[in-house]
Chemist: 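Structure provided below as structure tokens; questions to follow.
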Amino acid sequence: MTERATTLGVAVIGTGRMGADHVRRIHDVTSGARVAAVVDVDAERAKAVAARVDGCTAYTDPAAALAAADVDAVLIASPGPAHEATLLAAFERDLPVLCEKPLTPDAASALRVLEAELRLGHRRVQVGFMRRYDPEYVKLKALLATGQLGRPLMVHNRHRNAASPPFFTSSMLISDSVAHEADATRWLLGHEITAVTVLRPTPSANAPDGLRDPQFVVFETDGGALSDVEIFVNCGFGYQVQAEVVCERGTARIGDGHALVTNMAGRWGGTIAQDFTERFETAYDQEIQTWVDATRRGEVTGPSVWDGYAAAAVCEAGVRALEDGGRVEVELVERPALYA
């Protein structure tokens, strides 16, 4: 695709919380794009979302939306199990895609998507690991790249939610939450994760019955570093994502949330975000704008299908470690040159 003088027409697949927020973002925040179509199995919900955008058509079938003449690109925000079919349909039309994580729910299906993209001979997918667009993570990545702190030795991650949704399972702490730390670790360090261990303290009294919350996850990497993740999805007080990289000559930490500190009435402090859409609002805005700009230039940038596949493989190993105990090695195919 060459640089477009016209606005990019985007089909948003899935109009739940994430999809509806992306519709709002493209309509109100993003430049160079418009929402041409929305798709949801719930026809009434799709119609309600489409009604907020002039010229937007509601569909219940993704294939019909992808075939529409005014659709130039696809944003997938449907549940993970539906991603593979939509991605393959987009490949048939050679449409650019931004796919929310997970790429697919497991490594085998992610590998099928990777093989399908390889048959195209060029990248078509950017995976929605939005932390790569968060200003604090970007600054941390840039600092590590200078080498002034020396070789990274360890990464300490904390990922806390005020409360988990009622459908959340113990394995979803890995597959839906720690997936972000898996990608962030790979991206920040430039390493692949080779093994996963999951330790389980006594569950919090605030966790729903049967939910193993919190968990402590340890990644080993092929660069000799360790990365740990405290995942605690019923902490009760808010949403926190923090990371500290310990290097040979210094450390760097992000996520403290101290941009504004108040002193008043004998107290000092700040506020704590209550969910991911608040904490990572800027990251989502930057992610979508970057995708639109690259697509209009005829390019694909950002997290690749390989990154989505690698994260799925790491999470698969993590779920096995959670269920069976012990250390589980991550199994990856050889990385294709397309994703070098």
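From a predicted model like this one, the values you see are computed outputs, not experimental measurements.
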Chemist: Looking only at heavy atoms, what is the nearest atom pair of V314 and F219, with distance?
Modeler: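 Closest approach of V314 to F219, heavy atoms only: CG1-CE2, 3.7 Å.
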Chemist: Could you grab the distance from atom CD of E115 to atom OH of Y309, nearest 0.5 Å is fine?
Modeler: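 Here the rounded value is 9.0 Å.
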Chemist: side-chain contact (heavy atoms from CB on, under 4.5 Å), that's the test. Do L173 and L211 meet it? Break it down for me.
Modeler: CA-CA 9 Å; L173 270 74; L211 191 69; 4.0 Å; yes
Chemist: Measuring only between side-chain heavy atoms, which start at C-beta, is I174 closer than 4.5 Å to V217?
Modeler: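 Yes, their side chains come closer than 4.5 Å.
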Chemist: If you count the non-hydrogen atoms of other residues, nucleotides and ligands that lie under 6.0 Å from CD in E248, is the total more than 12?
Modeler: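 Enclosed.
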Chemist: So does S31 get a backbone contact from the side chain of Q289, meaning a donor-acceptor N/O pair under 3.5 Å?
Modeler: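 Flag set: sc Q289 to bb S31 pair under 3.5 Å.
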Chemist: Using modelled atom types only, decide if a donor and an acceptor are shared between the side chain of H159 and the backbone of N157 within a distance under 3.5 Å.
Modeler: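 Side chain of H159 to backbone of N157: no pair is present.
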Chemist: Between E230 and H156, does any side-chain donor sit less than 3.5 Å from a side-chain acceptor?
Modeler: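 There is no such pair between these side chains.
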Chemist: Are any of the side-chain heavy atoms of V39 and T60 separated by less than 4.5 Å?
Modeler: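 A side-chain contact is absent here, since even the closest heavy-atom pair is not under 4.5 Å.
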Chemist: Using a 3.5 Å distance criterion without hydrogens, assess whether the side chain of N161 forms a donor-acceptor pair with backbone atoms of A163.
Modeler: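 Between the backbone of A163 and the side chain of N161 there is no qualifying donor-acceptor contact (under 3.5 Å).
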Chemist: State the CD-OG distance between Q215 and S170, to the nearest 0.5 angstrom.
Modeler: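 Result: 6.0 Å between the selected atoms.
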Chemist: Check whether R119 reaches the backbone of L114 with its side chain - one donor and one acceptor, N or O, closer than 3.5 Å.
Modeler: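 Judged by distance alone, no pair lies under 3.5 Å.
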Chemist: Would you say the side-chain atoms of D285 and T282 include a donor-acceptor pair closer than 3.5 Å?
Modeler: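 T282 and D285 do not have a side-chain donor-acceptor pair below 3.5 Å.
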Chemist: Between T301 and E299, do the side chains contain a donor N or O and an acceptor N or O under 3.5 Å apart?
Modeler: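 No, no side-chain donor-acceptor pair sits under 3.5 Å.
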Chemist: Just by distance, no angles: are the side chains of N234 and D213 close enough, under 3.5 Å, to form a donor-acceptor pair?
Modeler: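 On atom types as modelled, these side chains qualify, holding a pair under 3.5 Å.
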Chemist: Can you measure from CZ (R151) to CG (L144) and round to the nearest 0.5 angstrom?
Modeler: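 Interatomic distance, R151 CZ to L144 CG, rounded to 0.5 Å: 13.0 Å.
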Chemist: Nearest heavy-atom pair of Y133 and A283: which atoms, and what distance?
Modeler: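 Answer, listing the atom of Y133 first, then A283: CB-O, 3.5 Å.
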Chemist: Any idea how Y137 and F280 line up, ring-wise: parallel (<30°), tilted (30 to 60°), or perpendicular (>60°)?
Modeler: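 The arrangement is tilted - the two ring planes meet at 30° to 60°.
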Chemist: Is a side-chain donor-acceptor pair under 3.5 Å present for D293 with T290?
Modeler: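 Not at all, the side chains of T290 and D293 share no donor-acceptor pair under 3.5 Å.
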Chemist: Nearest 0.5 angstrom please: I254 CD1 to K141 NZ, how far?
Modeler: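 Atom-to-atom, I254:CD1 and K141:NZ are 12.5 Å apart.
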Chemist: Are any side-chain N or O atoms of T15 and backbone N or O atoms of A20, one a donor and one an acceptor, separated by less than 3.5 Å?
Modeler: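 Absent.
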Chemist: Step by step, work out the salt bridge (Lys or Arg N to Asp or Glu O under 4.0 Å) result for D183 and R132.
Modeler: CA-CA 9 Å; D183 182 71; R132 298 191 186 201; 2.7 Å; yes
Chemist: With heavy-atom distances below 4.5 Å as the criterion, would you say the side chains of P102 and S175 are in contact?
Modeler: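 A side-chain contact under 4.5 Å is absent here.
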Chemist: I'd like to know if D21 pairs up with R24 as an ion pair, taking the criterion as any Lys NZ or Arg NE/NH1/NH2 lying under 4.0 Å from an Asp or Glu carboxylate oxygen.
Modeler: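 The answer is yes: the pair qualifies as a salt bridge.
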Chemist: Are K47 and E44 within salt-bridge range, i.e. N to O under 4.0 Å?
Modeler: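 Yes, this pair counts.
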Chemist: Any idea which heavy atoms bring F91 and A116 closest together, and the distance?
Modeler: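 Shortest heavy-atom contact: CD1-CB, 3.7 Å.
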Chemist: Quick check against the 3.5 Å criterion: does R158 have a side-chain atom that pairs as donor or acceptor with the backbone of I231?
Modeler: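 It does not hold such a pair.
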Chemist: Look only at the side chain of Q126 and the backbone of P303, and say whether a donor-acceptor pair between them is shorter than 3.5 Å.
Modeler: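 Pair absent, no side-chain N/O of Q126 close to backbone of P303.
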Chemist: Check the hydrophobic clustering (I, L, V, M, F, W, Y; side-chain heavy atoms under 4.5 Å; chains of links allowed) and say if F232 and V178 are grouped together.
Modeler: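 As far as the 4.5 Å side-chain criterion goes, V178 and F232 are not connected within one cluster.
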Chemist: side-chain contact (heavy atoms from CB on, under 4.5 Å) for I26 and V12? Distances and angles first, verdict last.
Modeler: CA-CA 10 Å; I26 295 170; V12 177; 4.2 Å; yes
Chemist: Is H27 reaching over with its side chain to a backbone N or O of V35, donor-acceptor style, under 3.5 angstrom?
Modeler: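 No, because the side chain of H27 does not come within donor-acceptor range (under 3.5 Å) of the backbone of V35.
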Chemist: Check for me, please, whether L87 and L338 land in the same ILVMFWY cluster - side-chain distances under 4.5 Å, paths through other members count.
Modeler: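 Yes.
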Chemist: Apply side-chain contact (heavy atoms from CB on, under 4.5 Å) to residues T194 and V330 and explain how you reach the verdict.
Modeler: CA-CA 5 Å; T194 56; V330 178; 5.6 Å; no
Chemist: Should the pair R93-D72 be classified as a salt bridge under the 4.0 Å nitrogen-to-oxygen rule?
Modeler: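 No salt bridge links R93 with D72.
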Chemist: So, E117 versus Y339: side-chain donor-acceptor pair below 3.5 Å or not?
Modeler: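 Looking only at side-chain atoms, Y339 and E117 do form a donor-acceptor pair, the distance falling under 3.5 Å.
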Chemist: Start with the C-alpha gap between E100 and I76, add the side-chain angles, then the distance that decides, and say whether side-chain contact (heavy atoms from CB on, under 4.5 Å) holds.
Modeler: CA-CA 6 Å; E100 276 294 348; I76 301 175; over 6 Å; no
Chemist: Under 4.5 Å between side-chain heavy atoms, hopping through other hydrophobics if needed: is there a path connecting F129 to V125?
Modeler: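 Yes.
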Chemist: With a 4.5 Å cut-off on side-chain heavy-atom distances among I, L, V, M, F, W and Y, is there a chain of contacts connecting L88 to L111?
Modeler: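 Same hydrophobic cluster.
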Chemist: More than 12 foreign heavy atoms under 6.0 Å from CG of D324: is that the case here?
Modeler: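 Enclosed.
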Chemist: My understanding is that only residues two or more places apart in sequence, or in another chain, count here; which of them pass side chain to side chain contact (heavy atoms under 4.5 Å, CB included) with R327?
Modeler: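 Result, side chain to side chain contact (heavy atoms under 4.5 Å, CB included) vs R327: A195, T197, E220, E329.
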Chemist: For R200, does the CZ atom sit with more than 12 other heavy atoms under 6.0 Å from it, leaving out its own atoms?
Modeler: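 Enclosed.
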Chemist: List the atom of T202, the atom of P214, and the distance in Å for their closest heavy-atom pair.
Modeler: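 Nearest pair, atom of T202 first, then P214: O-CD, 4.4 Å.
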Chemist: Working to the nearest 0.5 angstrom, can you tell me the gap between T185 OG1 and M154 CE?
Modeler: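 It is 13.0 Å, given to the nearest 0.5 Å.
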Chemist: Give the minimum heavy-atom separation between A46 and D40, together with the two atoms involved.
Modeler: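 Closest approach of A46 to D40: CB-CB, 3.9 Å.
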Chemist: Between Q274 (side chain only) and I272 (backbone N and O only), is there a donor and an acceptor less than 3.5 Å apart?
Modeler: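 Side chain of Q274 to backbone of I272: a pair is present.
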Chemist: Please answer: with hydrophobic residues joined when any side-chain heavy atoms are less than 4.5 Å apart, are L75 and L66 in the same cluster?
Modeler: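 The answer is no; the residues belong to distinct hydrophobic clusters.
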Chemist: Closest heavy-atom contact between A225 and L189?
Modeler: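 The answer is CB-CD1, 3.9 Å.
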Chemist: Could you tell me whether the side chain of T104 and the main chain of A110 form a donor-acceptor pair under 3.5 Å?
Modeler: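 Checked: pair present.
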Chemist: Please round to the nearest 0.5 Å and tell me the distance separating atom CZ of R34 and atom CG of L8.
Modeler: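 Going from the CZ atom of R34 to the CG atom of L8 covers 10.0 Å.
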